[in-house]
Amino acid sequence: MSSLRPRTRRMITAAVLPLLVLGAGACSAAGGGGAPVPSDPSVPVDEIGAGIEEELAQRDDVATAEVSYKDDINNPASASVDVRMEPGADMEVLYEEAVRLVWQSRINPLILIYVNVINPADPPSGLSRTLDVRKAEVRDPIEEKYGPHPD
């Protein structure tokens, strides 16, 4: 391929690269990249998430709350909480409450906790943090504060 001009090489690369990406995606979708561990079907994750949303929404400092759960190759055993706060609320307090509610819930398996707290004031601001609870330096302080996760 070294005898090809640089422009021709770029055109070939541009044509072949998307096919390689699609092929890799197809392998992952078919389970070739390692199948994720499915969540326990006896744990009603949607119901648990709705309960967390409801508990957060009852707070005076929360405008809205959304909780979702994914367990796939890109988001292994991940609970995500998006909180839109009322003006003047304390972001850190809402962050800690979201972490507590997810941690003390029966959501299983649980590897990652994503929490986003959004302040819609002008200009908008917020915080976004990810906790990987497989790591002892993350899990231990959470367990110390809120007790063990109900595995």
Side-chain angles (χ1 to χ4, degrees), residues 10 13-151:
R10 282 192 300 267
T13 301
V16 172
L17 188 58
L19 295 175
L20 292 174
V21 171
L22 286 173
C27 287
S28 294
V37 177
S39 60
D40 182 348
S42 66
V43 177
V45 177
D46 291 339
E47 289 177 28
I48 295 169
I52 294 170
E53 287 174 3
E54 184 178 322
E55 191 162 339
L56 284 168
Q58 289 177 2
R59 295 177 57 102
D60 292 336
D61 52 358
V62 172
T64 62
E66 289 183 31
V67 177
S68 63
Y69 179 81
K70 291 184 180 179
D71 191 7
D72 59 33
I73 194 96
N74 296 318
N75 300 288
S78 303
S80 179
V81 183
D82 293 321
V83 179
R84 183 172 296 273
M85 60 185 255
E86 291 289 353
D90 185 332
M91 278 188 228
E92 289 295 330
V93 168
L94 294 176
Y95 165 78
E96 287 294 332
E97 182 65 358
V99 170
R100 181 188 73 79
L101 290 170
V102 169
W103 184 254
Q104 292 179 340
S105 76
R106 290 183 12 245
I107 292 176
N108 272 308
L110 184 62
I111 293 174
L112 299 172
I113 303 172
Y114 299 108
V115 178
N116 300 300
V117 180
I118 300 121
N119 180 356
D122 191 19
S125 61
L127 65 82
S128 181
R129 296 184 187 146
T130 301
L131 300 170
D132 184 341
V133 297
R134 294 173 295 189
K135 297 178 180 176
E137 65 269 18
V138 174
R139 186 182 190 100
D140 292 349
I142 295 172
E143 284 185 335
E144 191 175 305
K145 265 186 183 175
Y146 308 123
H149 179 68
D151 292 327

So, do His149 and Val133 sit near enough that their side-chain heavy atoms are less than 4.5 Å apart? no
Within the 4.5 Å heavy-atom criterion, are Tyr95 and Val83 side-chain neighbours or not? no
Does Leu56 reach the side chain of Val81, with side-chain heavy atoms less than 4.5 Å apart? yes
Distance col, row Ile113:CD1 vs Leu101:CG, nearest 0.5 angstrom, shows 10.5 Å
Answer yes or no: is there an ion pair linking Asp72 with Lys70, defined by an N-O contact shorter than 4.0 Å? no
Would you check if Met91 and Met85 make a side-chain contact, meaning some heavy-atom pair closer than 4.5 Å? yes
For Ala98 and Val115, work out which heavy atoms get closest and say how close. CB-CG1, 3.9 Å
Between CD1 of Ile142 and CD of Glu137, what distance do you get to the nearest 0.5 Å? 11.0 Å
About how many Å separate OH of Tyr69 and CG of Asn108, when rounded to the nearest 0.5 Å? 7.5 Å
Is any side-chain heavy atom of Ile118 closer than 4.5 Å to a side-chain heavy atom of Pro124? no
Does Glu66, at its CD atom, have more than 12 non-hydrogen atoms belonging to other residues, nucleotides or ligands within less than 6.0 Å? no
How long is the straight-line distance from CZ of Arg84 back to CG of Leu94, given to the nearest 0.5 Å? 13.0 Å
Determine, stepwise, if the pair Ile107 / Ile52 fulfils side-chain contact (heavy atoms from CB on, under 4.5 Å). CA-CA 11 Å; Ile107 292 176; Ile52 294 170; 4.2 Å; yes
Without swapping roles, check the side chain of Glu53 against the backbone of Val67 for a donor-acceptor pair under 3.5 Å. yes
So Tyr114 and Asn75, do their side chains get closer than 4.5 Å, heavy atoms only? yes
Under 3.5 Å donor-acceptor, Trp103 side chain and Arg139 backbone: no
Search all heavy atoms of Ile111 against all heavy atoms of Pro76 and return the closest pair with its distance. CB-O, 3.6 Å
Do Arg106 and Pro44 come within less than 4.5 Å of each other through their side chains, counting heavy atoms only? yes
For the residue pair Pro141 and Ala136, what are the closest heavy atoms and their distance? CD-O, 3.9 Å
One should read off an interatomic distance between Glu47 CD and Ser105 OG, to the nearest 0.5 angstrom, of 13.0 Å
Shortest non-hydrogen contact from Ala79 toward Val102: CB-CG1, 3.8 Å
Nearest 0.5 Å, what's the CD-CZ distance between Glu86 and Arg59? 11.5 Å
